[in-house]
Structure formats: structure tokens, C-alpha cells
2 protein chains.
Amino acid sequence: MTEVDLPEPPWRRRSKKTRRQVLDRDRIVEVALRIIDEEGIDGLSMRRIAEELDTGPASLYAHVSGKEELLDLVLDRVIGEIELPEPDPARWQEQVKAWAREGRRVMKAHRDIARISLGRIPTGVNVLRSAEWLIGLLRGAGLPDRVVAYAGDLGALVVGAYVFEESVEEANADPETYAMVADYMLNLPPDLFPHITSMGTALFEGGADERFEFLIDVFVAGLAAVAARDQTP
Amino acid sequence: MTEVDLPEPPWRRRSKKTRRQVLDRDRIVEVALRIIDEEGIDGLSMRRIAEELDTGPASLYAHVSGKEELLDLVLDRVIGEIELPEPDPARWQEQVKAWAREGRRVMKAHRDIARISLGRIPTGVNVLRSAEWLIGLLRGAGLPDRVVAYAGDLGALVVGAYVFEESVEEANADPETYAMVADYMLNLPPDLFPHITSMGTALFEGGADERFEFLIDVFVAGLAAVAARDQTP
DNA sequence: TTCGTTAGTAGAACAGTGTTCGTTTATACG
DNA sequence: CGTATAAACGAACACTGTTCTACTAACGAA
């Protein structure tokens, strides 16, 4: 007799699931991050996470107070990937750049995660440790407290904003979109936009790395100049 | 006989509304902006706008392709409020700051509108005119094309990110939240966070204006330094 | 004026979101 | 073992942006 492949009866499926799979916060955060890596932030929903964990969305709320807290945790988890050297105040400028590059590197590794870093009060342990490192470096270098205090916060803001913009540009990096935008700008009315149109393709030169390096160059040179001014009565 | 106030019969109400109120894009944008002013960006939905216009949300789609386009239009409408002087290349540094202050001023006047400015490809006429002004100024001042091209974009990014962060802080500006955050940071473990804890309240000094002025000071000084370097072979 | 076409509006519905609430299940503790 | 607590579950809520179809209004030509 031919063996017949019957669907398993529903009453039998239950026995496989008697043991509840235990959730914990770290697991939720890791799954959330994986979803962001694959689908971007807009692909992340509580249901999506629950689906991956084979549970229901309501179960997540036993471990996080809501989506906002979850995003805090995910961001902090990412910033924890930053690797920083021993602070060397004699080389503070190069080290501020290294700090910024590290911030960019870890965020870039996770799609559009940088979007979460914006407009958020820094409370995670890794986020704070990163700030601590920078503040320690700048104090060691003898920069005025006012400069140190501001730089700690504004540095993260500038890097996060840049990396977020970069992630948007990467998402729209197909040659068609790029050509369309460039075409649009280069064909603006020259009487209204003489400088944009005459600059032409120079507006679009340099890649993301170069632009980022320029930005942190400007930031660090500016810090140095303002700090020097602050120290000259 | 006492006059009786009867509800108007339903068949009679229709006659008042035979004339359809005509929507147009500008009206939609203005209403959207007013809702943002009063309720913030999270208070803005297509239904909310339609409610204010006494129509249905589907009607909006005859005038805008979707919410994203609407937000583009709202932002451009806001940036149109910027007032800029005649460019004077001899004073380019002060004028870059004036440009940044104007950007901040108009965005600050509209709650958390700055959030929309982030991660957005600049295509609105006012956004482009603002960039055109800045680029024209910097070219007039003889800055290298590379510097000009980067500064146009990064300037807007820095200002937008700052103003957005500022709007978040203003939304959380009640003394209780502020005290809670300060308390949290000042009571971190000193062995892990020696610099943050020893800086103490210096971390929270200065208001938003001062921090913004610091940021644009750094940005402009940095631009000047990098530009000077670029011009020295 | 009438009629046909086009553009705009309206309403229902779809697919999705974050979250709450009450119930059930599992775990921890005495 | 019994009780209390914590975690998980499922249904439902209130809301979102958008699409689709039908209706209405406006416009232009005859």
C-alpha cells in the first residue's frame, strides 16, 4: 500500500510547543537589529520581531516598555561595537577624527540605524561610554570645559546626522535616481540659480568617504580654533 | 405660541453644501503647517488635515502624491521664510553664520519641523535658493570649489540636525524631566565615568542659543581653516 | 442649453502599526 | 504542594497611509 502523507492533526501540534521559548531583552534587541540590517528601520515592527521570535507582539512588552525603549537599546547595542584606543591628548585632533570614524563605521554596518541616533537623549551605557572617552580626551588635551562640554554632544550629533544622510543616499544609489537628481539640479533655470548651474558636476564630486572626512576635518579644525580663542583672554 | 427649535431636516442640509469647497495644494500645505505648529509632526496625519479642510483624506491625493511629498512641500514652505541679505564676500564668515541663524529661526518657529529636513534630497525651490545663496557667497569669497560644494550641503545638515535636537529638548523641557536626566548623569558610577561625573553641572550649562552659536562658530572657523589649507599647495 | 469628458471629492475598505487588557501558562518561593 | 508573581498569549482597540470605485462638479464644444 502506498504511504499517504496526511497533514499532521492539529491536536498533535500542540504537544511540540508545551515548552515555552523564553524571551529576554537581549534576544529581542538582537533580532530587532538583524531585521534592521536586512529590511531597514521601516521594516522593523513589533509584529515583525515577534514573528521572528515565534511569539506574539504583546509578549515583547514584558521586556521593553515600548518601541521607543527598544530603539534606545538597539542603538546602544550598536554603539557598543565602537573600538577606541587609549586616549593620547597630544594627538587629540587625530583621535577625535578616529572617534568620529568609529561612530560612522559601526552605524554604517547597520543600514539606516543612524536615524535612531537623532533627537534622542543619550542614556545607554555604551553611548555614555563613547561620550566619556571623547570628553576624557579633550580634557586631557587641556581644552576649556565649555568647549569640552559642547563638543561631546555636538560631535555625536554631527556624525549621526551625516551617517543618516549617507544611508538615505545609499538607499537611492541606483544610477537612474542619481542621474535624475543630477539632471534636475544642473538644469535649473540659470537666471535663478547661476551658481548651482555653473558649478555643474563639481557639486556631485567626491564620494561619501571624502565628504565625511571633510566634515570631521572642518569640525576638528573649528574646535581647535575656537578652543584657542577661548584660551586667549 | 412658543417657537419650537427643531433640528434642521437632513434633506435641507444638503442645499448648503452644493457648492464644493475647492482644495488646492497651497491650502493643504498651509493647513498641514498649522497642525504641525499646534500638535507637532506626530500630530499630522492625512486624516487630521482632511478633518481641518472638512473633506476626506482621499481627496488630498488629487493634489499631492502622498505624505512624503506633502512633507517636502511643507518644509520648502518654511524655508521660504528665510530672509537673507545681499551677499558680501568680504564678510563671508559672518554671513554664513547669519545664514545658519536664519535657517534655525524659521525652523524653530514651527515646532519640530526640523525633523523633516533630515535625510531628504533637497528639491524644493526655496531650499535650493537657500543653497544657491550660500554657494554664491562662498564662491564670491574665493573659497575652493571643493569646499563650496561640500559646505552647501553639510551646512544645511548641521543646522537641521541641531534644530531638530533642540526641538526634542524643548519638548522635554519641564523641570522634572530635566532634573531627572541631570541627576542620572551626575550619579553615574565615577569609576566608569570619571570625566562626566567630575565635569558635573558644567555639562548642562549654556542654553540652546549659546550651543548653537558655538556650533556655527566651529563650523565657520573650520571652513576657514580647511579652505586656507586647500589654497596652500 | 445639453451632453460628454475630465478632474476632483467622498466613502469604504485594505493592510498595516503600537499598544492595552484580560486570560492563561510557567516559574519561583515558602 | 499551594500561592504569588512574572511572562506569554490572543483579541481587540485606535490609529495610520493609501487605494479603489462611485459620485459630483466643472469645463468645453456643439
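The two residues B:Val74 and B:Ala32 have their closest heavy-atom pair at CG2-CB, 3.9 Å. Of all non-hydrogen atoms in A:Met185 and A:Ile196, the two that sit nearest each other are O-CG2, 3.9 Å. For the residue pair B:Leu134 and B:Ala151, the shortest heavy atom distance occurs at CD2-O, 3.9 Å.
Summarising the geometry, the separation between CD on B:Glu39 and P on D:dC15 is reported as 13 Å, rounded to the nearest angstrom. Nucleotide C:dG18 holds its P atom 13 Å from the CD1 atom of A:Ile41, rounded to whole Å. Here the C1' atom of nucleotide C:dT20 and the CE atom of A:Met46 are 13 Å apart, to the nearest Å. What separates CD1 of A:Ile49 from P of D:dA8 is a distance of 14 Å, to the nearest Å. Following rounding to the nearest Å, B:Arg25 (CZ) and C:dG8 (P) show an atom-to-atom distance of 11 Å. Computed from coordinates, the B:Glu51 CD to D:dG17 P distance equals 13 Å when rounded to whole Å. One can place CG of B:Leu44 at 11 Å from P of D:dT18, the figure rounded to the nearest angstrom. As a whole-Å value, the separation of A:Asp42 CG from D:dG17 P is 13 Å.
Side-chain atoms of A:Pro57 lie closest to C:dT19 of the nucleotides C:dT19, D:dT18, C:dG18.
Pairs of residues two or more places apart, or lying in two chains, that qualify as salt bridge (charged side-chain N to carboxylate O under 4.0 Å, His left out) and include a residue from residues 156-168 of chain B are B:Arg104-B:Glu166, B:Lys108-B:Glu166, B:Glu165-B:Arg211. Listed by first then second residue, pairs satisfying salt bridge (charged side-chain N to carboxylate O under 4.0 Å, His left out) with a partner in residues 179-207 of chain B number zero, not counting sequence neighbours.
The residue among A:Arg48 and A:Ala58 whose nearest nucleotide of DNA chain C is located toward the 5' end is A:Arg48.
Within residues 29-37 of chain B, no residue approaches DNA chain D, by heavy-atom distance under 4.0 Å. Against DNA chain D, the stretch residues 61-77 of chain A makes heavy-atom approaches under 4.0 Å through A:Ala62, A:His63.
With hydrogens and angles left out, the side-chain atoms of A:Glu169 and A:Tyr178 include no donor and acceptor closer than 3.5 Å.
B:Leu60 comes within 4.0 angstrom of nothing in the nucleic acid, heavy atoms only.
With sequence neighbours excluded, the residues that form a salt bridge (charged side-chain N to carboxylate O under 4.0 Å, His left out) with B:Arg77 are B:Glu30, B:Glu81. For B:Arg101, the side-chain contact (heavy atoms from CB on, under 4.5 Å) partners two or more places apart in sequence, or in a different chain, are B:Glu94, B:Lys97, B:Phe212, B:Glu213, B:Ile216.
One can find a donor-acceptor pair under 3.5 Å joining the base of C:dG18 and the side-chain atoms of A:Arg47.
Between A:Ser59 and the phosphate of D:dA7, there is no side-chain N or O to OP1/OP2 separation shorter than 4.0 Å.
With a 6.0 Å radius and a threshold of 12 heavy atoms from other residues, nucleotides or ligands, B:Glu176 has its CD atom at or below the threshold.
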